[in-house]
*Asks:* 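Got a structure here, written out as structure tokens. Questions coming.
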Amino acid sequence: MAMNQVGLLERAGEQSITKQRFDRFFLHSKEESIDYYAKAMKWAQEGFVDQFSSNDKPYSGLPHEDFTKLFNQTFNEILPENESSVETLFKNIGEIILKHSIVVSNPTCLAHLHCPPLSAALAAEVMISGTNQSMDSWDQSASATVVEEKMVRWLSNLYLKSNRADGVFTSGGTQSNFMGLLLARDRYLKKQLNWDAQKDGLPVEASKLRIFCSKDAHFTVRQSAFLLGLGEQAVISVETDSEHRMCVNDLDRCVKEATEQGLLPFAIVATAGTTDFGSIDPLAEVAKRANHYQMWFHVDAAYGGALMLSERHKHKLTGIDLADSLTVDFHKLFYQPISCGAFLVKDRSNFDFIKLNADYLNPEDDEETGIPNLVTKSIQTTRRFDALKLFVSFHALGRKTFADMIDYTISLARDTATVIEEEPDFELLNEPEINAVVFRYRPQGIERSNDSEWLNRLNGLIRTKLLEQGHSVLARTRVNKSVYLKLTLLNPRTTIEDIQSIVSQMKHLVQIEAHI
Ligand SMILES: *Cc1c(COP(=O)(O)O)cnc(C)c1O
């Protein structure tokens, strides 16, 4: 036997022992592997569920520095040299890290567009991460590619009502808004200037490109503009009416002014559910303008898109089907664990503007045989099978339950606005369109109530104290330079009693803190 063959055999023996050592860390058919997986899952689940059964506050109240100390004491190394028992590990994670996390499922955790996740979707996450499919190519996902395509088709019919529509799951609104404006920019350059941005980058005229959105649009419109190399200067803010909706007369004025200055208007972004007020721009009216000026019409329905499931409220989205592209988030009013969103486009041929062919992922001969490689529609390569959790949730709850939850939170927001309006020392800022209520504490009959600096400090302090006490989690926002508090009522388990308790606690706090 040749020397190198002897060497190979010896090495094979060693490798088999080494391999056995790794065996249990991965899931396969061997008993010890299944045993390890089942234990890890059990301990993780217990560490997690324990935090829910033993805790009725939305936050422990532990200050930032104290948590850092606690963490350092428990986990003195980031990468220890040797193995740890999963039991101890997950117990510690539960008792140290989860215990001091924000409990988004708590009915008084009402700060942001940050939802309690559905349990059915959490179970689906086990399958999503367990199978670890990647949506970029058919050969890394197979059935998952088909499921995502089915979901996208369904969503396209729901929102855009067109056979030419298509879309892709995304990490959320930031990515979807970026993709909308990317396609809008590149299509404009191709059509109007016969310029291929994918190949040649930006032409000199790019500094004249302009995007129009209301002044209450999400900051990711500006962010997209600078990421697209157009600079924030490319975004023109349109005035809003008293309900924080885009004012179409001002849109006309802005577009006219820009055109007269020789600028190049190419996209309008309407918002269906602004982050602060849940306001919905007049979509059909804005669509008419976009069509008239031949501009791309993108609708950011990250928040409000869910109203489409509700018979009672879907009329608020009238005109959404006129969008050239659309953002919808499922990790908001669709109650999905982060992250889960979609980007939809009215005419699928626009995806050609971001398409690249990589020989190893989506060779052109796959296209000839009709094998779909979803990477052609995404700016992500490796991508999660998030479509599955939405599919599971749809089946587990059914449309009616989704609609009832959405309807409930909208009526809860109305009732909350009424409670606040009836409090003499509170000032309500908006009649909620969806489920965000913005207000501030402003005591009557004392001179300081006109001191805006004092009011800002007082309202900021109320929010911080509520968080420190772990009583409730509210958001703080600024409107016309003044500090306001915001309740985002996404949780269908929040009741008007929870709201009354928050209001009483605020009044109580103000009495203690009034000396500031
Ligand atoms: C949340 C939100 C976004 C950003 O979406 P992410 O999912 O956080 O990336 C954009 N627009 C609106 C209106 C939103 O509410």
Side-chain angles (χ1 to χ4, degrees), residues 102 104 110-117 121 155 159 167-182 184 211-228 232 235 237-238 240 243-246 267-283 286 297-308 316-317 320 323 325-344 378-380 383-384 386-387 389-390 406 409-410 413 430 432-438 475 477 479 486-490:
I102 300 291
V104 287
L110 302 168
H112 301 282
L113 281 166
H114 186 182
C115 67
L155 292 164
Y159 288 104
V168 70
F169 274 69
T170 63
S171 62
T174 306
Q175 188 188 345
S176 301
N177 283 346
F178 175 77
M179 288 179 74
L181 290 168
L182 172 66
I211 300 162
F212 299 77
C213 62
S214 93
K215 65 185 177 56
D216 284 14
H218 198 263
F219 73 84
T220 50
V221 175
R222 265 183 299 127
Q223 184 196 50
S224 299
F226 71 67
L227 293 176
L228 288 167
E232 290 188 29
V235 179
S237 284
V238 177
T240 51
E243 307 291 319
H244 301 273
R245 293 174 301 212
M246 185 191 285
I268 305 181
V269 179
T271 312
T274 59
T275 310
D276 267 351
F277 298 101
S279 303
I280 300 172
D281 289 338
L283 303 178
V286 179
F297 180 38
H298 178 78
V299 176
D300 178 359
Y303 173 16
L307 299 192
M308 210 61 173
K316 293 178 178 164
L317 299 180
I320 199 167
S325 59
L326 181 83
T327 291
V328 56
D329 266 3
F330 306 114
H331 54 221
K332 288 175 180 165
L333 262 183
F334 283 85
Y335 304 104
Q336 296 304 297
I338 297 163
S339 57
C340 197
F343 171 68
L344 303 174
S378 184
I379 54 170
Q380 284 172 276
R383 187 163 59 81
R384 284 167 55 85
D386 288 316
K389 62 199 186 198
L390 187 63
I406 292 163
T409 63
I410 294 176
N430 71 322
E433 178 78 42
I434 310 180
N435 38 32
V437 182
V438 185
T477 188
V479 183
K486 181 168 85 155
L487 297 168
T488 312
L489 300 156
L490 295 188

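Atoms within a ligand are numbered from 1 in the order they appear, just like the ligands themselves.
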*Asks:* Which residue supplies the protein heavy atom nearest to atom 2 (C) of ligand 1, what is that atom called, and how far is it?
*Replies:*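 Among all protein heavy atoms, the one nearest atom 2 (C) of ligand 1 is K332 NZ, 2.3 Å.
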*Asks:* Could you tell me whether some N/O pair between T174 and ligand 1 is separated by less than 3.5 angstrom?
*Replies:* yes
*Asks:* For the backbone of F277 and the side chain of K486, can you confirm whether one donor and one acceptor N or O come within less than 3.5 Å of each other?
*Replies:*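 Between the backbone of F277 and the side chain of K486 there is no qualifying donor-acceptor contact (under 3.5 Å).
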*Asks:* Show the atoms of ligand 1 that are less than 4.0 angstrom away from any heavy atom in G172.
*Replies:* 7 (O), 9 (O)
*Asks:* Measuring from non-hydrogen atoms of G273 to any atom of ligand 1, is the shortest distance under 4.0 Å?
*Replies:* yes
*Asks:* Under 4.0 Å from a heavy atom of G173: give me the atoms of ligand 1 that qualify, with their elements.
*Replies:*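 It comes down to these atoms of ligand 1: 4 (C), 5 (O), 6 (P), 7 (O), 9 (O).
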*Asks:* Any donor and acceptor pair, going by atom type alone, linking the side chain of T409 with main-chain N or O of N435 inside 3.5 Å?
*Replies:*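 No: the side chain of T409 does not pair with the backbone of N435.
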*Asks:* Determine whether the aromatic ring centres of residues F343 and F169 are separated by less than 6.0 angstrom.
*Replies:*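 Ring centroids of F169 and F343 are no less than 6.0 Å from each other.
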*Asks:* Below 4.0 angstrom from a heavy atom of N177, which ligand 1 atoms are there? Numbered from 1 as shown, please.
*Replies:*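 What qualifies from ligand 1 is 10 (C), 11 (N).
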*Asks:* Can you see which heavy atom on C115 is nearest to which on H331, and at what distance?
*Replies:* SG-O, 3.4 Å
*Asks:* Nearest 0.5 angstrom please: D276 CG to H218 NE2, how far?
*Replies:*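 Result: 9.5 Å between the selected atoms.
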*Asks:* Hey, does D329 come in under 3.5 Å of ligand 1, counting only N/O atoms on both sides?
*Replies:*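 Min N/O separation from ligand 1 is below 3.5 Å for D329.
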*Asks:* Only heavy atoms count here, so choose which of V328, D300, V269 is nearest to atom 11 (N) of ligand 1.
*Replies:* D300
*Asks:* Answer yes or no: is there a donor N or O on one side and an acceptor on the other, between the side chain of T170 and the main chain of G172, under 3.5 Å?
*Replies:*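 Between the backbone of G172 and the side chain of T170 there is a qualifying donor-acceptor contact (under 3.5 Å).
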*Asks:* For ligand 1, which atoms have a heavy atom of L113 less than 4.0 angstrom away?
*Replies:* 15 (O)
*Asks:* Short list, please: which atoms of ligand 1 are under 4.0 Å from a heavy atom of H331?
*Replies:*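 Listed by number with element, the hits are 7 (O).
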